[in-house]
Amino acid sequence: MLRHRNLVIGAVLALAFLLAAVVSLFWTPFDVAEIDIANKLKKPGDSIYLFGTDHFGRDILSMIMVGARTSIAVALVAVGIGMLFGVPLGLAAASRHGGVLDELIMRTNDLVFAFPALLIAVMITAVFGPSAINAIIAIGIFNIPVFARLTRGAALSVWQRDFILAARVAGKTATRISLEHILPNLLNLLIVQGTIQFSLGILAEAGLSYVGLGAQPPTPSWGRMLAESQTMISFAPHLALFPGFAIVLTVLGLNLFGDGLRDYFDPRIRRGSR
Amino acid sequence: MTLLHVQDLALSINGTPILRDIDFSLTAGQVLGIIGESGSGKSLTAFSIMRLLPPGSLVSGRIALDGDDLGARTETQMCELRGNDIAMIFQEPMTALNPVQTIGDQVAETVRIHRQVSRAQARQIAAATLERVELPNDQFPLSRYPHELSGGQRQRVVIAMAIALRPRLLIADEPTTALDVTTQAQILLLLKKLVAQDGMSLILISHDLAVVAHTADTIVIMRQGRVVEAGDTQRVLAEMQHPYTRQLFDASGHVPVRSAMSTGREVLLKVQGVSRDYPTPRKTLLGKPGFFRALERVSFELYRGEKLGLVGESGCGKSTLTRAILGLEACQEGSISIGGDQIAAGQLMPRAVRRKMQVVFQDPYGSFNPRHKVGRLVAEPFYILDQQPRGTARRAAVSAALESVGLTADDASKYIHEFSGGQRQRIAIARALITRPELIVLDEAVSALDVSIRAQILDLLSELSADHELSYLFISHDLTVVRAVTDRILVMKDGVIVEQGTTEAVFQKPQHPYTRELIAAVPVLEPAS
Amino acid sequence: MLRYILKRLVSLAMTLLVASIIVFLVIEVLPGDPASYMLGLNAQPETVMALREELGLNASKPVRYFTWISGLVTGDFGISYTYRTPVAEMIADRAVISLPLAVYALVLSTLIAFPAGIIAATRRGSAADVSIMGFSQLGVAIPNFWFAMILVTVFAINLRWFSAGGFPGWETGFFNGLKALTLPAIALALPQASILARVMRSSLLDTLGEDFVRSARAKGLSVRQTLWRHALRNALIPVLTIIGLQFSFLLAGAIIIENVFFLPGLGRLIFQGISQRDLIVVESVVMLLVFAVVVVTFLVDVAYAVADPRLRSR
């Protein structure tokens with residue numbers, strides 16, 4: 001158990017926020033849409049509000065729970081987009097290594113890498129206006145080359161192995177080999193990268209909603225809670241602390257979980273060896 | 001005069017005992033051979049002398065160089081010793097050099113860290129040392145980078161780094177294992193010459209009894225971290241007091257029992273004038289890509305029931321030819337016919353033809369998808385049949401194949417990592433047999449195995465060919481093995497078959513100069529008289 | 001070497017060309033009629049016509065693209081619709097804040113990460129390694145803009161060592177400017193330094209396990225000499241890739257961080273452009289940032305070839 005300490009701590013943290021997000025679908029301590037100026041800017045622990053309230057008197061805990069929903073949904077769908085397009089592209093590129101398709105896919109990847117996720121979001125927003133969907137698309141597009149590159153690189157090394165030759169001698173096609181032999185050997189790697197991109201997605205979503213390119217009011221999001229807290233930070237620091245901690249703990253949890261998974265999958269990495 | 005004396009050496013790493021009761025000594029100016037199979041502890045014995053052990057190592061016993069107890073030295077004092085009095089060279093020349101430094105700098109570094117000399121003087125010594133290892137400065141200037149040299153040339157640079165300061169003791173850990181046989185012979189010759197010139201002592205570590213027997217004055221035979229037998233080479237090989245020495249000796253020259261050479265003249269595989277080009281990168285930005293001719297009008301025949309050997313060194317075109325025969329890549333000229341079905345240049349091989357062949361690869365670890373169970377792995381070739389057996393029939397076929405190679409039907413439900421290297425090679429053979437092919441291509445199929453395991457697999461192949469009327473195309477760089485198991489051989493160099501004939505005829509009276517060079521380079525193990 | 005650089009240059013030009021087509025398509029073609037989009041729903045038809053005329057929208061799309069791109073090449077980015085000033089001037093005013101900020105952060109990140117990564121790798125398993133790795137795990141998880149808010153609260157509002165925001169301008173002195181960029185640069189650098197330190201550590205550990213390191217030890221080099229003379233330069237090769245990628249993150253991050261510190265940089269400009277639907281400003285800034293990222297990628301490729309002789313001979 002001690003050997004998988006990272007895995008356990010990470011899983012507990014990540015699951016806690018996932019749970020908060022799911023619970024918020026049915027129940028939150030207070031209604032996040034309800035404005036209650038009489039109870040505005042309560043300090044944590046001052047009253048029935050565990051984490052205090054914001055300048056509209058909304059319960060911070062409830063907003064963090066709903067914000068978890070937004071963050072996790074955006075990041076998860078963006079990872080999904082990245083994998084859905086990136087993995088097949090990477091597999092296809094590797095199966096025709098050195099061919100026109102490979103070259104085309106890799107050059108397109110380089111091109112997308114020239115646009116940081118924020119710039120993609122800026123362009124989409126400039127034309128369509130800000131929304132959570134745009135954030136998903138921007139982060140998702142950014143994830144595609146990440147997965148395509150990773151898949152291609154790892155697939156190429158699997159293609160070098162003799163068991164692929166054995167499958168080719170058995171008359172299997174490149175597509176069939178990719179699905180039957182290559183993909184199963186990449187799963188661990190993809191799962192680990194998936195958790196990393198998931199955590200990066202949460203950071204990216206927070207950044208985008210902080211500058212107003214993400215989820216729009218009244219949907220609470222961690223990034224916008226931080227943006228709104230900024231002018232009040234000197235007299236109401238709790239407004240900035242709780243959403244910030246929520247982001248840090250979720251991302252930390254996912255990263256620890258990813259690292260733990262990597263160690264778990266890779267028997268070569270043993271503590272203190274080498 | 002004794003130069004090195006190792007007494008009661010024991011080593012454990014993180015509490016696991018690795019070496020025990022290691023005793024031997026080495027006379028100045030002589031060659032000591034250490035022989036053992038993988039896991040015998042021969043390399044770690046060398047690293048114990050150098051004191052370059054992994055963290056967590058615990059050494060006991062006494063190692064004395066010229067009476068000087070090395071165990072009493074501090075790490076700083078050991079650094080003064082390494083490269084100066086004791087030097088070491090390694091198995092893998094491709095990775096033993098720093099890829100981002102010139103060879104001149106790397107050789108000169110040995111001089112500069114031990115001697116108070118100017119940069120220019122160090123470079124002069126480096127240049128002279130490279131000349132001594134037969135890398136003439138006009139062809140191999142100091143400014144070369146490792147990636148611009150071949151494996152053999154890199155090994156010479158590694159040797160130059162080691163002998164630049166004329167150490168008293170050189171430890172060579174499998175120095176020729178990664179090299180071709182002719183290069184191996186040259187490197188061994190170079191080492192012998194340096195020993196004679198400098199009066200240096202040499203510890204030659206190898207898994208290959210033949211390599212050591214030819215070079216060493218005394219030998220130490222190791223097994224599972226212990227010295228099994230040690231002494232004068234001639235005496236040890238003549239007496240073979242320990243059964244393991246005998247076993248190692250027999251396995252090294254093992255000749256499987258064979259059925260009589262096939263007399264049939266029915267052609268199973270006919271390769272006619274096959275050529276294959278590969279494009280090389282463009283020399284200029286818009287220039288035409290060049291071509292490298294991997295196969296040049298290769299023609300030969302393989303008769304039904306025959307065991308045909310194909311020998312050649314790395315880069316000779318063996319793998320390209322294998323791929324063409326297996327139908328993985330079309331050839332650009334010529335034709336290949338199997339059992340009467342002819343496939344012309346540029347044509348893809350139809351499945352009906354491909355199913356007449358199967359293949360066994362070299363690497364027992366890379367030959368199987370680690371995610372599939374043995375049953376699925378062995379049954380994979382069924383895919384090429386029009387009617388794949390299903391259910392009970394499929395399971396019965398897998399069981400029969402596994403049993404025919406000496407495994408059990410239960411092994412089908414295990415994963416590949418549960419098997420040893422030798423067992424994996426048996427599974428690879430089971431996979432090749434399952435579709436009852438007529439021809440099995442053995443692509444360096446026993447090259448990665450220890451000699452005793454290799455002998456067992458060769459016996460198995462021999463039995464199977466008799467039972468299943470198989471024909472083999474036996475591809476190998478190891479001439480000893482090819483001589484032991486094949487009826488006829490082809491000798492290949494630079495994409496051309498330079499000689500072919502019955503195995504005994506070619507070995508006894510080689511016609512082509514290259515064949516002669518190749519055969520002369522093979523270290524032969526003969527019982528000492 | 002020259003051939004390699006030439007090849008990279010061609011690839012750089014190709015990337016820029018295709019990137020410009022994409023930016024043009026997304027911003028000038030996707031919205032339908034940019035003029036009516038910029039003016040909003042209640043615009044008079046005459047105003048729309050006038051703007052179409054001014055923006056040259058009546059020409060065909062390829063002609064418009066060509067006019068735009070040749071303008072970019074000659075430094076004519078067009079006139080901002082809202083500010084009525086040349087976009088090139090506006091960008092020049094803002095870029096002298098954003099680009100130095102990104103470079104400053106990159107330098108800080110490297111200065112922190114290299115020693116940390118080297119210490120962690122060479123003393124693997126020690127207390128130093130464990131705490132460096134622990135801090136970096138935390139650093140990776142902290143959003144830079146939140147970290148910036150904390151820095152402002154502690155060092156500007158409470159300790160009053162720095163001003164809470166704004167930029168005095170380089171003309172008031174180099175160090176004044178640098179001081180105003182210090183907190184933002186730290187906020188940007190720390191999370192990136194955490195990533196870089198981890199990459200440095202694992203790359204160095206990989207290199208220390210290589211055969212040539214063993215060869216160097218067999219020559220008589222001490223552990224420390226082996227590290228400095230052989231391992232480090234080889235370990236740097238993968239680290240370079242990450243530094244290149246980080247520049248684009250830092251540039252994007254700079255845009256966000258500018259909001260925290262009220263820095264009048266490209267980020268502020270781009271958000272003003274978005275809220276005022278000033279498409280000319282948006283597309284110019286996006287193109288400039290893409291240009292910066294692509295140029296840095298090119299520089300990293302060149303640095304690669306300098307570090308690794310195997311690439312030069314290709």
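Proteins get letters first, then strands, A, B, ... in listed order; numbering begins at 1 in each.
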So which atom in C:Ser248 and which in A:Pro116 form the shortest heavy-atom distance, rounded to 0.1 Å?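 Shortest heavy-atom contact: O-CG, 3.8 Å.
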Given side chains that start at C-beta, do those of C:Val293 and A:Phe115 come closer than 4.5 Å, heavy atoms only?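 When only atoms from C-beta onward are counted, A:Phe115 and C:Val293 do not touch, as no gap falls below 4.5 Å.
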Would you say that A:Asp110 contacts C:Ser11 through its side chain, given a criterion of any heavy-atom pair below 4.5 Å between the two side chains?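 No. Closest side-chain heavy atoms not under 4.5 Å.
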So which part of [X] gets closer than 4.5 Å to some heavy atom of chain A, the side chain, the backbone, both or neither?
X        : result
C:Phe291 : neither
C:Thr297 : neither
C:Ile27  : both
C:Leu251 : neither
C:Val296 : neither
C:Val285 : neither
C:Val290 : both
C:Leu16  : neither
C:Val282 : side chain
C:Arg268 : neither
C:Ile142 : both
C:Leu279 : side chain

Specify which of [options] makes the most heavy-atom pairs with chain A at under 4.5 Å.
options                               : result
C:Asn158, C:Asp278, C:Val23, C:Val294 : C:Val23
C:Val18, C:Val260, C:Leu289, C:Ile157 : C:Val260
C:Ala19, C:Gly125, C:Gly267, C:Gly273 : C:Ala19

Which of residues 201-210 of chain A have a heavy atom under 4.5 Å from any heavy atom of chain C? A:Leu203, A:Ala206, A:Gly207, A:Tyr210
Whether the side chain of A:Gln230 engages the backbone of C:Met149 through a donor-acceptor N/O pair (distance < 3.5 Å, no angle test) should be reported.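 No; judged by distance alone, with no hydrogens or angles, the pair does not exist.
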Side-chain donor or acceptor of C:Trp146 paired with backbone N/O of A:Ile247 under 3.5 Å: no
Within 6.0 angstrom of [X] [atom1], more than 12 heavy atoms from elsewhere:
X        : atom1 : result
C:Phe24  : CZ    : yes
C:Arg123 : CZ    : no
C:Phe249 : CZ    : no

To the nearest 0.5 Å, what is the distance between CD1 on C:Ile256 and CG on A:Leu118? 5.0 Å
How far does CD of C:Gln137 sit from CG of A:Leu252, to the nearest 0.5 angstrom?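 It is 5.5 Å, given to the nearest 0.5 Å.
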Output the option from A:Thr125, A:Leu254, A:Asp259, A:Thr250 having the highest count of non-hydrogen pairs under 4.5 Å with chain C. A:Asp259
Residue-level contacts of residues 187-197 of chain C with chain A, using a heavy-atom cutoff under 4.5 Å: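 Listed by number: none.
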